[in-house]
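This structure is in structure tokens; I'll ask about it shortly.
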Amino acid sequence: MKCIILIAAPAAGKGTISKYIEDKYNYKHISTGDLLREEVRKNTVIGKEIKPLLEKGSLVGDDIIKEVFEKEFRKTKSNIILDGIPRTLNQAKMLDSLDNNDGNVEITNVINIDIDKEVAINRIENRLICESCGSVYNKSIITDDKCTKCGGNLSSRNDDTKETFLERYETFLKQTKPLLKYYGDKVITIYNNTSLEDVYESVDKILKGDE
Ligand code: AMP
């Protein structure tokens with residue numbers, strides 16, 4: 001099983017790029033942020049515990065992440081793209097020791113999505129997400145309040161405020177960005193400051209052997 005990891009600051013485009021790879025290359029998209037928000041929405045025991053952390057923009061503990069992630073991981077046999085995990089060194093080590101029933105999980109690429117902080121803040125303040133399929137929209141350019149892909153409702157995430165963004169950004173710099181060193185040669189950086197077409201082209205170059 002091949003595994004692509006995305007390392008990126010908040011609002012750098014992890015979700016959008018994951019969906020692109022999922023649709024075009026048949027990878028299963030696993031977003032720990034989505035899994036955690038689902039726990040909150042369902043008001044589970046985990047959901048109740050993590051709600052304040054998500055609202056503040058702090059990281060959820062590694063044990064809960066392991067539990068929530070592995071539950072989803074065990075359901076899949078296809079190649080996977082990881083959006084939002086690992087965020088700490090412990091989580092990276094946990095992924096290194098993963099295996100599925102058909103053999104080991106091979107981390108083939110680590111994509112570092114780079115973005116200017118000001119561009120990311122602007123995105124956060126204008127971001128709408130489809131509540132059903134997770135597609136991402138920009139408030140300033142939509143013509144309808146429904147998702148064009150599945151008809152779901154569009155809404156802002158609770159943690160998409162400038163204040164929470166700044167907290168999430170600092171956490172990224174301190175805890176997650178150092179993982180780029182951990183992954184060394186596997187890391188390829190793409191810049192997401194301009195057009196999505198350029199980003200998709202860079203992704204295609206990285207994955208061209210998988211088409
Ligand atoms: P995201 O959707 O990736 O932006 O994640 C939203 C929030 O979920 C983050 O700000 C964290 O509070 C939490 N979260 C998501 N993934 C992780 C993770 N791997 N480790 C710890 N916290 C996480």
Side-chain angles (χ1 to χ4, degrees), residues 3-19 21-22 28-42 44 46-73 80-98 105 107 110-115 117 119-137 154-180 182-183 192:
C3 169
I4 299 172
I5 287 174
L6 299 182
I7 304 262
K14 294 193 302 307
T16 305
I17 292 173
S18 299
K19 290 241 165 287
I21 295 175
E22 179 170 62
K28 155 106 174 140
H29 172 204
I30 301 184
S31 155
T32 44
D34 286 350
L35 296 173
L36 297 171
R37 282 185 287 278
E38 186 66 6
E39 295 286 337
V40 173
R41 206 180 54 74
K42 289 186 179 155
T44 61
I46 287 182
K48 284 182 192 144
E49 186 176 337
I50 64 176
K51 190 167 183 256
L53 297 172
L54 264 64
E55 280 167 1
K56 243 179 71 194
S58 308
L59 291 188
V60 170
D62 290 335
D63 289 350
I64 290 184
I65 294 298
K66 185 171 188 304
E67 183 179 336
V68 169
F69 170 75
E70 286 194 346
K71 198 163 86 192
E72 189 68 12
F73 170 73
I80 51 175
I81 172 149
L82 302 187
D83 160 0
I85 180 169
R87 269 176 151 104
T88 64
L89 187 58
N90 263 339
Q91 292 177 19
K93 289 185 174 158
M94 186 268 286
L95 293 179
D96 284 344
S97 60
L98 273 184
V105 177
I107 298 172
V110 177
I111 304 179
N112 168 36
I113 312 166
D114 206 354
I115 187 170
K117 191 173 173 185
V119 176
I121 291 175
N122 184 276
R123 280 204 192 149
I124 286 274
E125 291 180 326
N126 283 293
R127 180 156 77 169
L128 289 174
I129 314 266
C130 171
E131 292 168 12
S132 302
C133 73
S135 294
V136 180
Y137 293 85
L154 305 182
S155 59
S156 297
R157 275 170 45 173
N158 286 343
D159 59 350
D160 272 354
T161 62
K162 185 169 176 184
E163 195 191 9
T164 311
F165 169 85
L166 293 174
E167 175 75 27
R168 287 155 68 199
Y169 193 80
E170 280 310 307
T171 306
F172 167 74
L173 293 183
K174 279 196 208 116
Q175 306 218 50
T176 308
K177 204 170 176 194
L179 295 179
L180 294 176
Y182 179 80
Y183 287 115
N192 193 5

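Residues: numbered from 1 along the sequence shown. We count ligands from 1, going down the list as the structure has it; atoms in each ligand are counted the same way.
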Is a donor from one side chain sitting under 3.5 angstrom from an acceptor on the other, for Glu39 and Thr44?
yes
Judging by distance only, is a nitrogen or oxygen of Arg37 under 3.5 angstrom from one on ligand 1?
yes
For atom 20 (N) of ligand 1, find the nearest protein heavy atom and state the residue, atom name and distance (0.1 Å precision).
Gln91 NE2, 3.0 Å
Hey, does Arg157 come in under 3.5 Å of ligand 1, counting only N/O atoms on both sides?
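Indeed, backbone or side chain, Arg157 has an N or O that close.
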Is any N or O atom of Ile85, backbone or side chain, closer than 3.5 Å to an N or O atom of ligand 1?
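No - when backbone and side-chain N and O of Ile85 are compared with those of ligand 1, no distance drops under 3.5 Å.
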To check your reading of the model: name the closest protein heavy atom to atom 9 (C) of ligand 1, its residue, and the distance in Å.
Arg87 NH2, 3.9 Å
Answer side chain, backbone, both or neither: which part of Ile65 comes under 4.0 Å from ligand 1, heavy atoms only.
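Just the side chain.
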Tell me the contacting part of Val60 for ligand 1: side chain, backbone, both, or neither, using a 4.0 Å heavy-atom threshold, strictly below.
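It is both parts that get close, each with some atom under 4.0 Å.
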Any idea which atoms of ligand 1 are less than 4.0 Å away from a heavy-atom of Arg168?
4 (O), 10 (O)
Provide the number and element of each atom of ligand 1 under 4.0 Å from a heavy atom of Leu36.
8 (O), 13 (C), 14 (N), 15 (C), 23 (C)
Looking at Leu54, Leu6, Leu53, Asn90, the heavy atom closest to atom 7 (C) of ligand 1 belongs to Leu54
Taking atom types as modelled, find out whether Glu55 and Asn158 have a side-chain donor-acceptor pair closer than 3.5 angstrom.
no
Residue set satisfying ring-ring contact (aromatic ring centres under 6.0 Å, His included) with Tyr169, at least two apart, ordered chain then number -> Phe165
Under a heavy-atom criterion of less than 4.0 Å, does Ser58 contact ligand 1?
yes
